[in-house]
Amino acid sequence: MKRIYLDHAATTPVDYRVVEAMLPCFHEVFGNPSSVHAIGQEARRIVEGVRSKIASFLAAKIEEIIFTSGGTESDNTAIKGVAQAMKDRGNHIITSSIEHHAVLETCKYLEKHGFHVTYLKNDKAGLVDPDEVRRAITGKTILISIMHANNEIGTIEPIAEIGKIARQRGIFFHTDAVQTFGHLPIDVNELHVDLLSASAHKLCGPKGVGILYVREGTKMVPFMHGGEQEGGRRASTHNVPGIVGLGKAVELAKETMGEEAEKLTSLRDKMIRGILEGIDDSVLNGHPVKRLPNNINVSLGYIEGEAIIMYLDREGIACATGSACTSASMEPSHVLAAIGLTHDFAHGSLRLTMGRATSEEDIVYVLKVLPVIADKLRSISPLYKKGR
Ligand code: PLP
């Protein structure tokens with residue numbers, strides 16, 4: 001059976017060129033970059049080369065890039081690290097209701113340790129209003145953390161505007177850019193961010209490696225204690241193959257990002273149009289325009305998203321309902337609840353996220369199969385009959 005992978009927001013296949021770049025780091029360039037001998041120093045040179053490449057990709061300074069184990073660690077480090085370093089100045093943090101759990105759970109943890117967190121309401125499209133951010137700031141606000149783009153509904157937030165407000169008020173600003181890094185252009189100065197999280201496995205790189213950008217002068221207590229790696233800001237022996245894989249993924253993204261975004265935007269809009277026109281009681285979740293080029297999130301009213309993805313899986317199509325990270329639970333995701341979807345629509349959500357290899361043919365196939373599945377499920381759905 002032909003398999004169509006439409007769950008790139010959860011993770012992406014590693015590009016074979018990334019694998020090729022990583023291979024020598026397991027056996028040939030295997031040294032510890034902290035060792036003083038030539039074998040170690042060769043590994044160090046390679047790690048520093050990647051750091052410099054990533055810094056230039058983000059318009060950052062080389063020493064502002066810290067290698068981490070991925071998005072979750074970067075988010076935890078940024079938020080807990082700044083909170084702890086700034087606790088004598090204040091204990092208030094501002095975030096939004098649709099952040100990834102890596103941010104929300106970190107904030108909840110801090111609430112148990114004396115911090116006060118404001119969870120801003122997002123509008124129906126998932127957008128944070130910069131004026132709401134301005135109004136939420138108090139004399140005790142030490143950090144604002146708003147994601148660059150949402151992993152479920154794809155909405156792209158007004159980060160540059162929020163960053164300007166944070167800068168004017170002298171408050172540190174973090175953005176979780178896990179879904180945009182390598183997909184949309186990012187200039188940390190244009191966005192006015194002080195901290196930015198990214199993860200390799202969302203851009204055809206390996207799992208278990210990411211970065212945290214930390215602007216020079218940002219006060220942050222290290223999260224990992226141990227050796228002196230990363231200038232004492234993140235202990236542990238460098239994951240050299242992972243870092244090299246991330247570097248190669250960034251190099252490939254830099255070359256193809258613009259063209260890919262254009263292609264995916266056109267496929268995305270074709271898929272959205274096809275679903276909304278071809279299936280009754282279907283709605284688009286997230287913003288129609290300010291959205292990730294690869295993200296389609298729709299709700300098919302009166303049917304269970306879980307059932308839709310199981311039927312699609314049988315047809316060879318892999319996708320998600322709500323967030324892949326929360327799909328083990330039967331509750332509608334916190335994101336769909338936050339944008340005010342009614343129960344009947346929140347439960348019928350479907351997230352299709354495209355990638356480098358997605359073709360027009362794949363979209364045509366989904367548009368052929370999905371309406372048939374929706375009809376079949378509705379014919380046995382008591383909710384559907386009641387809702388009509
Ligand atoms: N932040 C966002 C927006 C994500 O989508 C994810 C992963 O799905 C993460 C953070 C966590 O990243 P990682 O899997 O690298 O820990």
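Order of appearance sets the numbers: ligands from 1, and atoms from 1 within every ligand. Values below: all heavy atoms of this structure, side chains included; hydrogens, waters and symmetry mates excluded. Residue numbers run from 1 in the order of the sequence given.
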Should K202 be counted as touching ligand 1, given the test is an N or O pair under 3.5 Å?
yes

Is there a nitrogen or oxygen of G70 sitting under 3.5 Å from a nitrogen or oxygen of ligand 1?
no

In the structure I gave you, are the side-chain heavy atoms of R169 and T141 within less than 4.5 Å of one another anywhere?
no

Is there a donor-acceptor contact under 3.5 Å linking the side chains of [X] and [Y]?
X    : Y    : value
H334 : S97  : no
H148 : T175 : no
S74  : T68  : yes

Just grab all the side-chain hydrogen bond (donor to acceptor under 3.5 Å, both in side chains) pairs involving residues 76-86, residues at least two apart or on different chains.
N76-K80, N76-T106

Ligand 1 contact on V178 by region, counting heavy-atom pairs under 4.0 Å
side chain

Going by the 4.0 angstrom heavy-atom rule, the piece of E73 near ligand 1 is neither

With a cut-off of 4.0 Å, which atoms of ligand 1 are near a heavy atom of [X]?
X    : answer
D75  : 1 (N), 10 (C)
G71  : 12 (O), 13 (P), 15 (O), 16 (O)
M147 : 3 (C)

Just list the side-chain donor-acceptor pairs under 3.5 Å for residues 59-66, sequence neighbours left out, or say none.
from: K61; atom 1: NZ; to: E216; atom 2: OE1; distance (Å): 2.4
from: E64; atom 1: OE1; to: K61; atom 2: N; distance (Å): 2.8
from: E64; atom 1: OE2; to: E216; atom 2: N; distance (Å): 2.9

